[in-house]
A.B. asks: 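After the structure tokens below, expect a handful of questions from me.
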Amino acid sequence: MEDWLLQPPRGMNDWTPDKYYSLITVASRLSKVAESFGYSAIETPALEHFEVLKAKAGEDVINEIYYLKDKAGRELGLRFDMTVPVARVLSYRRDFPRPIRLYYVSKVWRYDEPQFGRFREFYQFGVEHVGSPTVQSDAEVLALAVKSLELVNLPQLTVKVSDRRIMDQLLSKININTAREPVLRVLDKRGKVTDDELIKLLIKEGIDKARAESLVAIASTRVPIVDSVRELRELGVGDNLINYVESLANALTDYGVANRVYLDLSIVRGLDYYTGFVFELYTDKIKLAVGGGGRYDELLKVYSGEDVPAVGFAIGIERVMLALGEGQGSIPPVDYYIYPMEGSCYGMAVRIAEKLREGGLRVIVDVGKPSLRSALEYAARIKARKFIIIGRREIERSVVRVRDLETWSEEDIPLSKILK
RNA sequence: GCCCCGGUAGUGUAGCCUGGUACAACACGCGGGCCUGUGGAGCCCGUAACCCGGGUUCAAAUCCCGGCCGGGGCCCCA
């Protein structure tokens with residue numbers, strides 16, 4: 001078969017054991033934190049009705065959906081995140097007691113151009129916290145995100161927080177009432193381009209120079225969340241929002257994560273559906289955000305017709321792994337490799353193996369490597385710990401020969417002891 | 001949608017700039033042997049590649065064009 005057919009489809013990865021165990025290790029550590037917060041795991045089909053996916057996605061995202069028709073002509077698509085499937089599930093399972101706390105480690109797909117840290121098929125760890133509008137739920141979700149990344153030792157983790165309501169208020173204050181989305185998009189570029197260019201871009205959006213300058217000043221706000229109240233007051237943000245941020249900061253302090261969190265009004269994210277606070281998670285190790293989230297109180301309404309407040313986040317597991325480097329987990333070693341010298345000893349080998357497996361050990365019985373020598377070589381290469389030789393000589397004496405592949409020592413162990 | 005880089009045995013690389021000295025080198029892997037109940041080491045032998053198509057040239061892995069495939073940047077995102 002042609003070479004290129006042997007590679008996985010573009011933007012996708014073969015998770016061979018040598019790499020897959022790192023993924024499993026990272027994913028299970030992240031999940032552990034969600035579990036400790038009382039969140040339960042959920043999984044849904046990879047395929048959704050295209051109509052369902054389309055309802056949330058903006059123009060850009062729709063073009064990234066893997067679309068297909070099944071044999072009956074149904075229009076389907078691969079999910080591009082887990083928020084949509086979860087929202088769909090909750091719209092017909094109204095019986096779940098609220099707030100509902102869910103987490104997932106799932107594959108999602110986006111037909112995008114692959115790049116460093118960007119894949120067409122990738123894993124997301126995330127949570128959805130549905131049914132509560134409070135600042136406490138915002139703080140809980142953000143703290144959970146931070147703590148899960150702390151548990152995998154993500155270096156130099158920082159969080160940038162902003163709030164859609166604050167930006168709305170500040171934009172109104174300087175009389176920018178139209179074309180807010182393009183303006184926010186421009187502000188989101190802050191840090192990537194110079195402030196002067198930013199101002200030029202804003203002027204291009206029809207903002208006059210004075211207001212463009214004050215917008216850039218607003219977007220330049222970047223202070224530790226615990227110091228943000230004074231800053232917001234200076235900007236003239238209303239009391240209710242200042243109280244909100246203060247409560248958020250206090251809660252994050254209680255969680256012990258406030259030192260990582262900054263108020264950064266330049267971050268915007270998912271303009272389509274975020275309604276309140278938003279955040280992005282960063283490490284110095286890679287340029288890309290490893291995750292992000294926020295509050296989307298109007299999203300569930302699309303599916304259920306009912307207003308349901310919700311907050312959540314998603315973390316790109318491959319990106320976390322890029323930041324952590326190689327070797328987060330490894331293939332568990334085989335404890336015993338059992339080699340019957342001849343066919344007549346095979347039955348005994350299997351019986352011994354079964355006994356050891358009952359004790360929770362990983363055991364391989366040789367299936368016919370031609371020689372003891374090559375079996376030994378094979379066992380050493382797969383990093384088995386111990387090698388059991390069982391032949392006529394051993395059976396006559398009711399023992400097995402156990403060779404320790406790490407220390408190179410060898411001893412006879414009575415069968416009675418092994419089978420006990 | 002725009003831009004940049006790359007494609008050599010199963011894997012990872014060298015060679016390409018400066019065309020011929022190369023039946024393309026090295027490492028790992030794989031097969032065999034020394035050695036059919038134990039050195040997992042060592043040595044020996046073998047295995048197998050210039051992405052596809054066209055062009056330039058006496059001569060192309062090497063230079064040029066096109067295609068296919070891959071990686072990365074902008075944008076956006078996880």
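No hydrogens, no waters, no symmetry mates; every other heavy atom, side chains included, goes into these values. Order of the sequence lines sets the chain letters (A, B, ...), proteins ahead of strands, with each chain counted from 1.
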A.B. asks: Do the non-hydrogen side-chain atoms of A:Leu415 and A:Ile352 ever get within less than 4.5 Å of each other?
C.D. replies: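 Yes - at least one pair of side-chain heavy atoms lies under 4.5 Å apart.
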A.B. asks: Does a side chain donor of either A:Glu121 or A:Tyr66 reach within less than 3.5 Å of an acceptor in the other side chain?
C.D. replies: no
A.B. asks: What is the distance from CZ of A:Phe313 to C1' of B:C77, rounded to the nearest Å?
C.D. replies: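 Rounded to whole Å, this separation is 17 Å.
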A.B. asks: Grab the CD-P distance between A:Glu342 and B:G37 for me, whole Å please.
C.D. replies: 10 Å
A.B. asks: May I ask you to evaluate whether A:Lys287 reaches the phosphate of B:C74, defined as a side-chain N or O under 4.0 Å from OP1 or OP2?
C.D. replies: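 Answer yes for this pair, as a side-chain N or O of A:Lys287 is under 4.0 Å from OP1 or OP2.
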A.B. asks: Using the salt bridge (charged side-chain N to carboxylate O under 4.0 Å, His left out) definition, which of the options A:Lys417, A:Arg393, A:Arg397 pairs with A:Asp412?
C.D. replies: A:Arg397
A.B. asks: Can you tell me the distance, in whole Å, between the CZ atom of A:Arg403 and the C1' atom of B:G39?
C.D. replies: 8 Å
A.B. asks: In whole angstrom, give the distance that lies between atom CD1 of A:Ile286 and atom C1' of B:A78.
C.D. replies: 9 Å
A.B. asks: Could you check whether A:Leu405 gets within reach of a base, just the sugar-phosphate, or nothing at all, counting any heavy atom under 4.0 Å?
C.D. replies: base
A.B. asks: Begin with the C-alpha distance, continue with both residues' side-chain angles, and end with the deciding distance and a verdict on side-chain hydrogen bond (donor to acceptor under 3.5 Å, both in side chains) for A:Thr16 and A:Asp18.
C.D. replies: CA-CA 6 Å; A:Thr16 46; A:Asp18 48 324; 2.7 Å; yes
A.B. asks: Quick one: A:Met12 CE to B:G70 P, roughly how many Å, whole number?
C.D. replies: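 It is 11 Å, rounded to the nearest whole Å.
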A.B. asks: Classify the nucleic acid contact of A:Phe387 as base, sugar-phosphate or nothing, counting any heavy atom under 4.0 Å across all strands shown.
C.D. replies: nothing
A.B. asks: Could you go step by step and tell me if A:Tyr378 and A:Asp366 meet the side-chain hydrogen bond (donor to acceptor under 3.5 Å, both in side chains) rule?
C.D. replies: CA-CA 10 Å; A:Tyr378 175 77; A:Asp366 189 279; over 6 Å; no
A.B. asks: Closest nucleotide of RNA chain B for A:Ile317 versus for A:Arg392: which of these residues is on the 5' side?
C.D. replies: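 Checking each residue's closest nucleotide, the 5'-ward one belongs to A:Arg392.
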A.B. asks: Between the side-chain atoms of A:Arg319 and the base atoms of B:C77, is any donor-acceptor pair under 3.5 Å?
C.D. replies: yes
A.B. asks: Would you tell me whether A:Arg222 and A:Ser266 have side-chain atoms, one donor and one acceptor, within less than 3.5 Å of each other?
C.D. replies: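 Side-chain D/A pair, A:Arg222 to A:Ser266: absent.
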A.B. asks: Grab the CD1-C1' distance between A:Ile388 and B:G37 for me, whole Å please.
C.D. replies: 16 Å
A.B. asks: Tell me the interatomic distance from A:Asn13, atom CG, to B:A78, atom C1', rounded to whole angstroms.
C.D. replies: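 That distance rounds to 14 Å.
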A.B. asks: Under 4.0 Å, heavy atoms only, any strand: does A:Gly117 hit a base, just the sugar-phosphate, or nothing?
C.D. replies: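 Counting heavy atoms under 4.0 Å across all strands, the contact made by A:Gly117 includes a base.
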A.B. asks: Map A:Pro114 and A:Arg110 onto RNA chain B by nearest heavy atom, then report which one ends up closer to the 5' terminus.
C.D. replies: A:Pro114
A.B. asks: Suppose you measure atom P in B:C45 against the same atom in B:G7; what distance do you get, rounded to whole Å?
C.D. replies: 32 Å
A.B. asks: Under 4.0 Å between a side-chain nitrogen and a carboxylate oxygen: does that hold for A:Glu358 and A:Lys355?
C.D. replies: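 A:Lys355 and A:Glu358: salt-bridged.
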A.B. asks: Could you measure between the two P atoms, the one in B:G70 and the one in B:U62, and give it in whole Å?
C.D. replies: 22 Å
A.B. asks: Between B:C63 and B:A25, how far apart are the C1' atoms? Round to whole Å, please.
C.D. replies: 23 Å
A.B. asks: Check whether any side-chain heavy atom of A:Arg362 sits under 4.5 Å from a side-chain heavy atom of A:Tyr336, and report yes or no.
C.D. replies: no
A.B. asks: When you measure from the side chain of A:Arg381, which nucleotide among B:G37, B:C30, B:G39 comes out closest?
C.D. replies: B:C30
A.B. asks: Taking only the side-chain heavy atoms of A:Asp112 (C-beta and beyond), determine which of B:C75, B:C76, B:U38 contains the nearest atom.
C.D. replies: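 So the side chain of A:Asp112 is nearest to B:C76.
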A.B. asks: Is the base of B:G72 stacked against the aromatic ring of A:Phe116, taking ring centres under 5.5 Å apart and planes under 30° as the test?
C.D. replies: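 By the stated criterion, A:Phe116 and B:G72 do not stack.
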A.B. asks: Just call it for A:Ile389: base, sugar-phosphate, or nothing, with non-hydrogen atoms closer than 4.0 Å on any strand.
C.D. replies: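 It contacts base atoms.
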A.B. asks: Strictly by modelled atom types, are A:Ser22 and A:Thr25 linked by a side-chain donor-acceptor pair under 3.5 Å?
C.D. replies: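 The answer is no; no qualifying pair exists.
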A.B. asks: With a 4.0 Å cut-off, would you call A:Glu113 and A:Arg120 a salt bridge?
C.D. replies: yes
A.B. asks: Using a cut-off of 4.0 Å on non-hydrogen atoms, how would the nucleic acid contact of A:Glu394 be classed: base, sugar-phosphate, or nothing?
C.D. replies: base
A.B. asks: With the criterion being N/O to N/O and under 3.5 Å, what pairs connect the protein with nucleotides 66-69 of chain B, and how long is each?
C.D. replies:
none

A.B. asks: Reading 5' to 3' and counting Watson-Crick or G-U wobble pairs with both distances under 3.5 Å, write the dot-bracket notation for RNA chain B, | for bases paired outside the strand.
C.D. replies: (((((((..((((......[....))))((((((.......))))))...(((((..]....))))))))))))....
A.B. asks: Rounding to a whole Å, what distance do you find between A:Glu410:CD and B:G37:P?
C.D. replies: 14 Å
A.B. asks: Between A:Tyr337 and A:Tyr339, does the ring centre distance come in under 6.0 Å?
C.D. replies: no
A.B. asks: Side chain of A:Arg373: nearest nucleotide among B:G39, B:C77, B:G37?
C.D. replies: B:G39
A.B. asks: For a quick check of understanding: with a heavy-atom distance under 4.0 Å over all strands, which category does A:Glu377 fall into, base, sugar-phosphate or nothing?
C.D. replies: sugar-phosphate
A.B. asks: Between the base of B:G73 and the side chain of A:Arg118, is one N or O donor paired with an acceptor at under 3.5 angstrom?
C.D. replies: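 In this structure, the two groups form no donor-acceptor pair.
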